[in-house]
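In what follows, a single structure is set out as structure tokens and then discussed.
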Amino acid sequence: MMIDMWSDEKIHEFRETLLSWYDADGRATLPWRQDTSPYRVWVSEIMLQQTQVNTVIPYFERFMTRFPTVQSLAEAPEADLLKVWEGLGYYSRVRNMQKAAQQVVGDFQGEWPKTMKELQTLKGIGPYTAAAIASIAFKEPVAAIDGNAFRVFSRLFKIDSDIAQPATRKEFFELGNKIIDPVRPGDFNQAIMDLGSSFMTAKNYDSENSPVKAFNAAYLDGTESYYPVKSKAKKAKRVNYAAILVQNDDDYLWEKRPEDGMLANFWTVPLVNIDEFIDDADVQWTDDEIKIALEGYLLKNYGISASLSMVEIKPITHVYTHQKWYVSVFSAVISSDTPLKQGNWRDFETLMQDPQPKIQEKIWKAMQIK
DNA sequence: AAAACGTGGAG
DNA sequence: TCTCCAAGTTT
């Protein structure tokens, strides 16, 4: 689409207005702004993907203490990575971070690449994160286009491209590159983010008091509520699961999830997708029929002969972005020396040393185990 | 291009 | 309860 591009003079005024505000009222105390080494900037940027600042702060501090250098991260066992990331979500982020750390150590001799283009060759670093690191740590004048930038620029210029469309990112990137401050590109990008999370939020924005209200075309003509244009996401699909909690003296049955998909590689109690388990979708199984089927499942897959009981009538619900889980908990207490066909037995204290996804916490809680 | 990938908070 | 949002990347 065509936008009403600013004059050079207006661009200069905008930079000055934005950066003056940032110097006076920006979030200068954020821990990752104290020192703009590429490692620190990178760690913070990955954590901040789809995650709010207040959530990230304690994780960032712990992470930097546990893995102070890119070398220490490159060498860490995966379980340690996940344990530090536990509860933060999108766990592929930290796995990719380790691969990227190994790339920096191995392919770049421990020296961080300094350009957006090169940074994007690292695992888990896409166009946004590459631009953020390049601009903040190395002063490359490239626009970091994230949700804030989409929101701020769409209002300033009344851009009605759908920001949910991947192709739209290029348009905003090119616009941002025209107005970014070439002397202070990192501060410019961070100022846009601070603006986007204060006066120019998605809801309850306060453009009247925004430092850049004079540049906000949508505000000036009263059409601000229209921006940014974003198509609706699909509704989360309902998925039914059974959690099978088997206790053998002090131990619980514990199993590693597949390498791909939801909660990849986490150790959990066996979680059975009931919808897949019941092959005929037209038949509604009763709880008792499910119980009997799960007992057969336990015997076949684990060699465990047990009589299950349903713990809660009401399933535990857990909402992900694209799935809503309804987890019915079944349990049994056995006493057996029979070897397991798969999985293993672990006492509670030992298994808690593994990273726990939130759904697992909810299962312990439903069982009143802690 | 569209779907997958976690969690917590706000309204 | 439900919807949308929060410093995106990968496949």
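Chain naming here is simple, since letters A, B, ... match the order of the sequence lines and numbering starts at 1 in each.
Here, B:dG6 and C:dT1 have their P atoms 24 Å apart, quoted to the whole Å. Of the P atoms belonging to B:dG8 and C:dT9, the separation is 22 Å, rounded to the nearest Å. Rounded to whole Å, the P atom of C:dA6 lies 23 Å from the corresponding atom of B:dA1.
Cation-pi contact between A:Arg95 and A:Tyr91: absent, since separation from the ring centre below 6.0 Å together with deviation from the ring axis within 45° is not met.
Taking atom CD of residue A:Gln165 and atom C1' of nucleotide B:dA2, one finds them 9 Å apart after rounding to whole Å. In this structure, the NZ atom of A:Lys234 is 13 Å from the C1' atom of B:dA1, given to the nearest Å. Rounded to an integer number of Å, the gap from A:Asn265 CG to B:dC5 C1' is 14 Å. Atom pair A:Arg93:CZ and B:dA4:P shows a separation of 19 Å (rounding to whole Å applied). We find that CH2 of A:Trp325 is positioned 9 Å from P of B:dG6, with the value rounded to whole Å. Going from atom OH of A:Tyr59 over to atom C1' of B:dG6 covers 10 Å, rounded to whole Å. Rounded to an integer number of Å, the gap from A:Arg257 CZ to B:dG6 C1' is 12 Å. Counting to the nearest Å, the C1' atom of B:dT7 and the CG atom of A:Leu82 are 15 Å from each other.
A donor and an acceptor atom sit less than 3.5 Å apart, one in the side chain of A:Thr51 and one in the base of B:dG6. A:His322 contributes no side-chain N or O that forms a donor-acceptor pair with the base of B:dA3 under 3.5 Å.
Looking at A:Arg15, its side chain never comes within 3.5 Å of a backbone N or O of A:His12 through a donor-acceptor pair.
Taking the six-membered ring where the residue is Trp, A:Trp6 and A:Phe215 present tilted rings, their angle falling between 30° and 60°. A tilted orientation is assigned to the rings of A:Tyr39 and A:Phe63, their planes being inclined by 30° to 60°.
Taking 4.0 Å as the cut-off between side-chain N and carboxylate O, A:Glu140 and A:Lys114 do not count as a salt-bridged pair. A salt bridge is absent between A:Arg238 and A:Asp275; no separation between the charged side-chain nitrogens and carboxylate oxygens falls under 4.0 Å. Under 4.0 Å is where a charged nitrogen must lie from a carboxylate oxygen, and between A:Lys291 and A:Glu295 at least one such pair does.
Residue A:His318 places at least one side-chain N or O closer than 4.0 Å to OP1 or OP2 of B:dT7. A:Gln323 has no side-chain polar atom (N or O) that falls below the 4.0 Å cut-off from OP1 or OP2 of B:dG6.
Using a 4.0 Å heavy-atom cutoff across all strands shown, A:Ala132 reaches no nucleic acid atom at all. Note on A:Arg151: only backbone sugar-phosphate atoms sit closer than 4.0 angstrom, heavy atoms only; bases stay farther off. Among the protein residues, A:Val56 comes within range of no part of the nucleic acid, since none of its heavy atoms lies under 4.0 Å from any strand. Contact annotation for A:Ile192: no contact, since no heavy-atom pair falls under 4.0 Å across all strands. Within the nucleic acid shown, A:Gly87 comes within 4.0 Å of sugar-phosphate atoms alone, with no base atom in reach, counting heavy atoms only. Nucleic acid contact for A:Lys237: none, since no nucleic acid atom lies under 4.0 Å from a heavy atom of the residue. Across all strands shown, A:Ser44 has no heavy atoms under 4.0 Å from either base or sugar-phosphate atoms. Backbone-only contact: A:Met262 has heavy atoms under 4.0 Å from sugar-phosphate atoms and none from a base. When heavy atoms are screened at a 4.0 angstrom cut-off, A:Ile46 is found touching no nucleic acid atom at all.
Of all nucleotides in DNA chain C, those with any atom nearer than 4.0 Å to a heavy atom of chain A start and finish, going 5' to 3', at C:dC2 to C:dT11.
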Can you give me the N/O atom pairs linking the protein to nucleotides 9-11 of chain B at distances under 3.5 Å, or say none if there are none?
{"from": "B:dG11", "atom 1": "OP1", "to": "A:Asn204", "atom 2": "ND2", "distance (Å)": "3.4"}

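Using a 4.5 Å heavy-atom threshold, the side chains of A:Asp187 and A:Asp181 count as separate. A:Tyr302 has its side chain within reach of A:Leu253: a pair of non-hydrogen atoms, C-beta onward, lies under 4.5 Å apart. Residues A:Val246 and A:Trp345 are in side-chain contact: their nearest non-hydrogen atoms beyond the backbone lie under 4.5 Å apart.
Checking A:Thr223 against A:Arg155 by side-chain atom types alone, no donor-acceptor pair falls below 3.5 Å.
Summary of the strand contacts: A:Pro166 and A:Val319 both lie near DNA chain B, and taking for each the nucleotide with the nearest heavy atom, the more 5' one is attributed to A:Pro166.
Nearest to the side chain of A:Tyr320, among B:dA4, B:dG6, B:dA1, sits B:dG6.
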